[in-house]
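First up is the structure itself, then whatever we jot down about it.
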Amino acid sequence: MSLNRTSPSADRRAVLSRRIRFFVAATISYNIIEAVVAITAGTVASSSALIAFGLDSIIEVTSAAAVAWQFSAPDPERREKTALRFIAFSFFGLALFVGIDAVRALVIGAEAEHSTVGIVLAAVSLAVMPLLSYLQRRAGRELGSRSAVADSKQTLLCSYLSGVLLAGLLLNSLFGWAWADPIAALVIAGWAIKEGREAWKGDACCANPLADHRDDAAGAACDGSDCSCCSS
């Protein structure tokens, strides 16, 4: 299938920019609430996983804020490189926080108490975050914004962490498997480093975190190195 390289019209670009600003605002608002709830519940339950999840939410806010800053300018493309750098650092910061916490939990054998609030929070995030990520990624690809797509992947990573957190909390509560969450978290941390490197190089637009390598907006095939969303 041939790639659709038709650039959106000025009116369409304005619509897409407004959509991205809306999705970014929704992501920031949700993650602020998520961070407060997760860190509070984690402190009460002595759950390193929940506290790490709350820290991830704070990093998610910084990534979304970078895109919000970019699209607040009359010409967002001029700020894209800086926004991508900021997003890359947020990926690296996320990997650092999650990795250190996972290693610590494995070394000291930390065991958290049961947290109903944490389980509910993880389940809600697992439902909300993939949708926000998909909608922002689709708009970002059609607009040709690498930073918007990179931030959508940060949001998708948050949903992966939600799944990891949910599985860890349930396994710990039901079977006492305290090691399950930190092991999975280390895998997520490695993935975050990979995505941070791609954002730093400006390759985030083409990379699809769901590994289907398709352009959601144009419905065109993507070979991983040349996508219609990346063309200017």
Side-chain angles (χ1 to χ4, degrees), residues 23-66 87 89-134 136 151-196 209-210:
F23 296 141
V24 167
T27 300
I28 291 174
S29 300
Y30 182 84
N31 275 282
I32 290 174
I33 297 172
E34 185 179 69
V36 172
V37 174
I39 292 175
T40 301
T43 301
V44 171
S46 299
S47 171
S48 58
L50 267 171
I51 293 174
F53 187 71
L55 294 176
D56 161 64
S57 299
I58 294 174
I59 295 173
E60 179 79 12
V61 170
T62 66
S63 175
I87 290 170
F89 278 123
S90 73
F91 269 118
F92 296 145
L94 189 157
L96 181 65
F97 277 124
V98 174
I100 289 176
D101 185 76
V103 171
R104 184 192 67 83
L106 286 172
V107 170
I108 69 175
E111 295 186 8
E113 299 176 9
H114 170 78
S115 176
T116 301
V117 173
I119 291 173
V120 172
L121 176 65
V124 171
S125 296
L126 192 57
V128 172
M129 286 301 172
L131 178 61
L132 279 176
S133 173
Y134 168 75
Q136 182 175 330
D151 181 61
S152 76
K153 294 171 72 176
Q154 177 78 279
T155 302
L156 187 62
L157 178 59
C158 183
S159 70
Y160 290 165
L161 288 176
S162 300
V164 168
L165 175 66
L166 181 60
L169 292 176
L170 288 175
L171 290 174
N172 184 52
S173 296
L174 297 175
F175 305 108
W177 294 356
W179 50 264
D181 181 34
I183 290 294
L186 285 175
V187 175
I188 296 295
W191 190 83
I193 293 174
K194 172 182 175 295
E195 297 304 332
L210 296 181

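Basis for what follows: all heavy atoms, side chains included, without hydrogens, waters or symmetry-related copies. Numbering starts at 1 and runs along the sequence shown. Please read all numbers here as calculations on a predicted model, not as lab measurements.
- Residues satisfying the side chain to side chain contact (heavy atoms under 4.5 Å, CB included) criterion with Leu171, sequence neighbours excluded, are Phe175, Trp177, Ala180.
- Rounding to the nearest 0.5 Å gives a distance of 9.5 Å between OG1 of Thr40 and CD1 of Ile51.
- For the atom pair Leu166 CG and Leu121 CG, the distance stands at 10.0 Å (nearest 0.5 Å).
- Leu131 is linked by a side chain to side chain contact (heavy atoms under 4.5 Å, CB included) to Leu135, counting only residues two or more places apart in sequence or in another chain.
- Considering every non-hydrogen atom in both Ala95 and Ile193, the closest pair reads CB-CG1, 3.6 Å.
- Nearest approach of Gly118 to Leu169, heavy atoms of both residues: C-CD1, 3.6 Å.
- Considering only heavy atoms from C-beta on, Phe53 comes within 4.5 Å of Glu34 through its side chain.
- For the pair Cys158 and Asp56, the tightest heavy-atom approach, listed with the atom from each and the gap, is SG-OD2, 3.6 Å.
- Legend: residues meeting side chain to side chain contact (heavy atoms under 4.5 Å, CB included) with Val117, ordered by chain and number and at least two apart, are Val37, Ala41, Ser115.
- A 6.0 Å sphere centred on CZ of Phe89 holds no more than 12 heavy atoms belonging to other residues, nucleotides or ligands.
- Separation of atoms CG (Leu156) and CG (Asp151) is listed at 11.5 Å; rounding is to 0.5 Å.
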TODO: Test side chain to side chain donor-acceptor pair (under 3.5 Å) on Tyr30 and Ser125 and set out the steps.
DONE: CA-CA 9 Å; Tyr30 182 84; Ser125 296; 2.8 Å; yes
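- The CG atom of Leu94 lies 9.0 Å from the OG atom of Ser57; values are rounded to the nearest 0.5 Å.
- For the residue pair Ser173 and Ile119, the shortest heavy atom distance occurs at OG-CD1, 4.5 Å.
- Residues Ala64 and Val24 approach most closely at O-CG1, 3.0 Å, considering heavy atoms.
- Atom OG of Ser152 and atom CG of Leu132 lie 10.5 Å apart (nearest 0.5 Å).
- Residues Ile58 and Asn31 fail the side-chain proximity criterion, which asks for heavy atoms closer than 4.5 Å.
- Residues meeting the ring pair (Phe, Tyr, Trp, His ring centres under 6.0 Å) test with Phe97, sequence neighbours left out: none.
- A salt bridge (charged side-chain N to carboxylate O under 4.0 Å, His left out) check over residues 93-103, counting only residues at least two apart or in different chains, returns the pairs Asp101-Arg104.
- When the side chain to side chain contact (heavy atoms under 4.5 Å, CB included) test is applied to Ile188, the partners found at least two apart in sequence or on another chain are Leu157, Tyr160, Leu161, Val164.
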- [ ] Dump the intermediate steps for side chain to side chain contact (heavy atoms under 4.5 Å, CB included) on Ile183 and Leu106, then the final yes or no.
- [x] CA-CA 8 Å; Ile183 290 294; Leu106 286 172; 4.0 Å; yes
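- The minimum heavy-atom distance between Thr62 and Ser90, with the atom names listed, is OG1-CB, 3.8 Å.
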